[in-house]
Colleague: 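I have a structure here, written as structure tokens, and I will follow up with some questions on it.
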Amino acid sequence: MSEIIRKDVNDEWAHTGIIKAGDYLFTSYCVGNIGESIEKQIDGAFDVLEKRLAMFDLTVDSVVKIEALFRDIWDIPVMEKVIKKRFKNGKYPVRKSLQTEFAHKGGEKGLLFQLDAIAYDEKNRG
């Protein structure tokens, strides 16, 4: 029987950055470079995602689904550019993109993008 493993836990926020349950991993609140351009924020979010996946010896190649939150949904083409750069093998995950008002937006140039993802750890299949 598999256990649930939590890493990157933040007690102040009552938040876990990545959870492994069976062969699946769930990440949330991947954000980075807040206050910078949308492209830098998307790159920063993917940096956080890659860092969290590395805690379980995985890469973005294991990502099967992305949920992208935008302050401005018309920035999707910028994300697509970053995805093409990060997923060099062309094995893109499914994705959902939503526009939202972030609770912690930090002003006009604050938080513009957040990434959540689900990954599959096929190396540990039984």
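Along the sequence shown, the residues carry numbers beginning at 1.
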Colleague: Please check: side-chain N/O of Thr27 versus main-chain N/O of Ile18, any donor-acceptor pairing under 3.5 Å?
Modeller: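 No; judged by distance alone, with no hydrogens or angles, the pair does not exist.
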Colleague: In this structure, would Trp13 and Val48 fall into the same cluster of hydrophobic residues linked by side-chain contacts under 4.5 Å?
Modeller: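 The answer is no; the residues belong to distinct hydrophobic clusters.
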Colleague: In sequence, state the C-alpha distance, the side-chain angles, and the governing distance for Lys85 and Asp43, and then conclude on salt bridge (charged side-chain N to carboxylate O under 4.0 Å, His left out).
Modeller: CA-CA 10 Å; Lys85 179 175 67 174; Asp43 262 326; 2.9 Å; yes
Colleague: Taking Asp8 as the fixed residue, which of Lys20, Arg52, Lys51 is the one that meets the salt bridge (charged side-chain N to carboxylate O under 4.0 Å, His left out) rule?
Modeller: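 The single option meeting the salt bridge (charged side-chain N to carboxylate O under 4.0 Å, His left out) with Asp8 is Arg52.
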Colleague: Could you grab the distance from atom NE2 of His15 to atom OG of Ser28, nearest 0.5 Å is fine?
Modeller: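 Here the interatomic distance stands at 3.0 Å.
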Colleague: Quick one: closest heavy-atom pair of Leu69 and Phe102, and the distance?
Modeller: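 Of all heavy-atom pairs spanning Leu69 and Phe102, the closest is O-CZ, 3.5 Å.
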Colleague: Return yes when atom OH of Tyr24 has more than 12 non-hydrogen atoms of other residues, nucleotides or ligands closer than 6.0 Å, and no otherwise.
Modeller: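 Incorrect, the count does not exceed 12.
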Colleague: Check the pair Asp47, Arg86 against salt bridge (charged side-chain N to carboxylate O under 4.0 Å, His left out), reporting the backbone distance first and the verdict last.
Modeller: CA-CA 10 Å; Asp47 289 343; Arg86 299 283 180 143; 2.8 Å; yes
Colleague: Applying side chain to side chain donor-acceptor pair (under 3.5 Å), name anything that partners Lys7, two or more places apart in sequence or on another chain.
Modeller: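 By the side chain to side chain donor-acceptor pair (under 3.5 Å) rule, Lys7 matches no residue at all.
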Colleague: Measuring from atom CD of Gln41 to atom CG of Asp75, what distance do you get when rounded to the nearest 0.5 angstrom?
Modeller: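 The CG atom of Asp75 is 9.5 Å from CD of Gln41, to the nearest 0.5 Å.
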Colleague: With side chains defined as the heavy atoms from C-beta onward, is the minimum distance between Ile83 and Tyr92 less than 4.5 Å?
Modeller: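 When only atoms from C-beta onward are counted, Tyr92 and Ile83 do touch, with a gap below 4.5 Å.
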Colleague: Are Lys91 and Asp61 within salt-bridge range, i.e. N to O under 4.0 Å?
Modeller: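 Looking at Asp61 together with Lys91, the answer is no, because their closest N to O distance does not fall below 4.0 Å.
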Colleague: So, Glu101 and Arg71, do they make that salt bridge, N to O below 4.0 Å?
Modeller: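 No, Glu101 and Arg71 are not salt-bridged.
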Colleague: Verify, without hydrogens or angle tests, whether Thr16 (side chain) and Ile19 (backbone) share a donor-acceptor contact under 3.5 angstrom.
Modeller: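 Not a single qualifying donor-acceptor pair exists.
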Colleague: Should Leu25 and Ile118 count as side-chain neighbours, where that means a heavy-atom distance under 4.5 Å?
Modeller: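 Not in contact.
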Colleague: Would a 4.5 Å heavy-atom cut-off, applied to side chains only, mark Leu115 and Phe113 as touching?
Modeller: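 Touching, per the 4.5 Å side-chain cut-off.
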Colleague: Do Lys81 and Glu39 come close enough that some side-chain heavy atom pair is under 4.5 Å?
Modeller: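 In short, these two side chains touch, coming nearer than 4.5 Å.
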Colleague: Just so I know, are the side chains of Leu98 and Phe70 near enough to count as touching, which here means a heavy-atom distance under 4.5 Å?
Modeller: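 Counting from C-beta outward, Leu98 and Phe70 never come under 4.5 Å.
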Colleague: Is the shortest heavy-atom distance from the side chain of Asp23 to the side chain of Glu122 under 4.5 Å?
Modeller: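 A side-chain contact is absent here, since even the closest heavy-atom pair is not under 4.5 Å.
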Colleague: Can you tell me how far CG of Leu112 sits from CG of Asn33, rounded to the nearest 0.5 angstrom?
Modeller: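 Interatomic distance, Asn33 CG to Leu112 CG, rounded to 0.5 Å: 11.0 Å.
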Colleague: Trp74 and Ile76: same hydrophobic cluster, using ILVMFWY side-chain contacts below 4.5 Å?
Modeller: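 Same cluster: Trp74 reaches Ile76 through Ile, Leu, Val, Met, Phe, Trp or Tyr contacts under 4.5 Å.
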Colleague: Let me confirm one number: the CZ-CD1 distance from Phe56 to Ile5, rounded to the nearest 0.5 Å.
Modeller: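 So the CZ of Phe56 and the CD1 of Ile5 are separated by 5.5 Å.
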Colleague: What's the verdict on side chain to side chain contact (heavy atoms under 4.5 Å, CB included) for Ile66 and Phe46, showing C-alpha distance, side-chain angles and the deciding distance?
Modeller: CA-CA 11 Å; Ile66 289 173; Phe46 273 96; 3.9 Å; yes
Colleague: Cluster question for you: counting only ILVMFWY and a side-chain heavy-atom cut-off of under 4.5 Å, with indirect links fine, are Tyr29 and Val9 together?
Modeller: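 Tyr29 and Val9: separate clusters.
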Colleague: Rounded to the nearest 0.5 Å, what separation is found between the CD atom of Gln114 and the CD1 atom of Ile42?
Modeller: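 So the CD of Gln114 and the CD1 of Ile42 are separated by 12.5 Å.
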Colleague: Evaluate the side-chain proximity of Leu49 to Val63: yes if any heavy-atom separation is below 4.5 Å, no if none is.
Modeller: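 Yes, side chains in contact.
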Colleague: Can you find a heavy atom in the side chain of Thr59 that is under 4.5 Å from one in the side chain of Leu53?
Modeller: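 Heavy-atom side-chain distance check fails, nothing below 4.5 Å.
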Colleague: Which pair of heavy atoms, one from Ala45 and one from Cys30, lies closest together, and at what distance?
Modeller: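 Smallest interatomic distance, heavy atoms only, reads CB-O, 3.3 Å.
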Colleague: Check Val31 against Ile34 and note the closest heavy-atom contact, atom names and distance.
Modeller: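 In terms of heavy atoms, the two residues are closest at CG2-CD1, 4.2 Å.
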